[in-house]
Number of protein chains: 2
Amino acid sequence: MFSKSCKYAIRAVLYMAYKTSPDQRVGVKEIADTLDVPGPFLAKLLQQLTRNNLVSSVKGPNGGFFLSEKNRNEPLRKVVECIDGPEVFSACILGLPVCSSENPCPLHTQAFIYREGLLQMVGKKTVAEIAAQVTQEGLSV
Amino acid sequence: MFSKSCKYAIRAVLYMAYKTSPDQRVGVKEIADTLDVPGPFLAKLLQQLTRNNLVSSVKGPNGGFFLSEKNRNEPLRKVVECIDGPEVFSACILGLPVCSSENPCPLHTQAFIYREGLLQMVGKKTVAEIAAQVTQEGLSV
DNA sequence: AGATAAAAAGACTTTTATATCTTTTTTTAT
DNA sequence: ATAAAAAAAGATATAAAAGTCTTTTTATCT
Ligand code: SF4
Ligand code: SF4
């Protein structure tokens, strides 16, 4: 479903959601080490998210990445679409060129329902909400 | 979710399900042309499926690929797992190393349901059943 | 038996995704 | 002002996926 890049990005953002604030920044290295993800690669992803205003950063000593109030209230979907592109949730599961109700693919009924379910979830819940669930339920990124 | 290879394979098998029988074979070229898929590449996939007894073939003049009675009664899941490996349905959606109920990932609840639903479907329904749905409902591969 | 048609197998190429390395810019602390 | 720390940007490298091409084998038909 999601690319490796996207998985890294989701995890990093959720991690930042409960680890950072505008004056509690964290460096790429710490995130990468914690999540056990390639550092320079994650840096790229975070930069991309920063350019799209889904993550914030400050340079220089004591700088680092963090989530602003605005950042944490974005639906997680934006992070996903920023990395994997807006097609992730609309692309056909069977790779057919067009998905229409008139000409749907063989797996239509079931595949559609479940993908739609995932979309609903990341589209509705914000980064902060999902991160809250994580800490409350003792889950781990 | 599925690799391109897997999508090609699913479509090819469903196509064969209503186009072929032990004495109605079809060549790679016809399948590839109909599905608009790269021929030599599809050939590889069909060969792999054949080696795993999910598709049947005969060589020589008037030879080609087809589905035996046994082939069409396999759950579609086997085709998927033959191409994408058995991990497709067990691998973590977020790429975490281990997925356990004690230590589940942030998207656990919803993501799990989504994937489980898809698994149920391709695990229960046979190739023939799904193909029948296709023709009945006027869907297209 | 010989010719032929098709799959099977293997080698190879291209493209895309993933990962690393190097240099530059910006900010903060001294 | 200067030094240092960190992100930003760009270039490069590696690996995996997708696609192509060539040769070999096998079945069928005449
Ligand atoms: S509903 Fe069916 S046709 Fe549409 S994108 Fe999903 S799998 Fe493809
Ligand atoms: S349930 Fe959660 S932890 Fe388990 S595989 Fe799915 S996404 Fe990963």
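Chain letters run A, B, ... following the sequence lines, proteins first, then strands; residues in each count from 1.
Within residues 37-54 of chain A, the residues that place at least one heavy atom under 4.0 Å from DNA chain D are, in residue-number order, A:Lys44, A:Gln47, A:Thr50, A:Arg51. Heavy-atom distances under 4.0 Å link DNA chain C to no residue of residues 1-17 of chain B. Taking every heavy atom of residues 66-74 of chain A and every atom of DNA chain D, no pair lies under 4.0 Å.
Using a 4.5 Å cut-off on side-chain heavy atoms (C-beta onward), B:Phe65 and B:Leu42 make no contact. Annotation: side chain of A:Thr126 is not in contact with side chain of A:Leu76 (no heavy-atom distance under 4.5 Å). Residues A:Met16 and A:Ile31 meet the side-chain proximity criterion, which asks for heavy atoms closer than 4.5 Å. The shortest distance between side-chain heavy atoms of A:Val55 and A:Phe66 does not fall below 4.5 Å.
Scored by the side-chain hydrogen bond (donor to acceptor under 3.5 Å, both in side chains) test, B:Gln47 finds no partners at all (sequence neighbours excluded). Remark: A:Ala131 pairs with A:Leu14, A:Ala17 by the side chain to side chain contact (heavy atoms under 4.5 Å, CB included) rule, at least two apart or across chains. By the side chain to side chain contact (heavy atoms under 4.5 Å, CB included) test, A:Asn53 pairs with no residue at all, sequence neighbours left out.
Closest heavy-atom contact between B:Arg115 and B:Val88: CD-O, 4.1 Å.
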Strictly under 3.5 Å: I want the nitrogen or oxygen pairs between protein and nucleotides 26-28 of chain D, one per line.
residue	atom	partner	partner atom	Å
D:dT26	O4'	B:Lys59	NZ	3.3

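Pairing for C:dT30 is with D:dA1, a Watson-Crick or G-U wobble pair whose two hydrogen-bonding atom distances lie under 3.5 Å.
Here A:Phe112 sits alone; no ILVMFWY side chain lies under 4.5 Å from its own, so it joins no hydrophobic cluster.
Sorted by first and then second residue, the pairs that involve residues 63-76 of chain B and meet side-chain hydrogen bond (donor to acceptor under 3.5 Å, both in side chains), not counting sequence neighbours, are B:Ser56-B:Asn71, B:Ser68-B:Asn71, B:Glu74-B:Lys78. The salt bridge (charged side-chain N to carboxylate O under 4.0 Å, His left out) pairs that include a residue from residues 14-32 of chain A are A:Lys29-A:Asp33, where partners are two or more places apart or lie in different chains. For residues 79-91 of chain A, the side-chain hydrogen bond (donor to acceptor under 3.5 Å, both in side chains) pairs, not counting sequence neighbours, are A:Ser3-A:Asp84, A:Arg77-A:Glu81.
From the 5' end on, the contacts that DNA chain C makes with chain B at under 4.0 Å to a non-hydrogen atom open and close at C:dT4 to C:dA11.
Remark: A:Tyr18 OH to A:Thr135 OG1 distance equals 8.0 Å, nearest 0.5 Å.
What separates NZ of B:Lys29 from P of D:dG19 is a distance of 17 Å, to the nearest Å.
Using a 4.5 Å cut-off between side-chain heavy atoms of Ile, Leu, Val, Met, Phe, Trp and Tyr, with links allowed through other members, B:Phe41 and B:Tyr15 fall into the same hydrophobic cluster.
Remark: B:Gln24 CD is loosely packed, at most 12 non-hydrogen atoms of other residues, nucleotides or ligands lying under 6.0 Å away.
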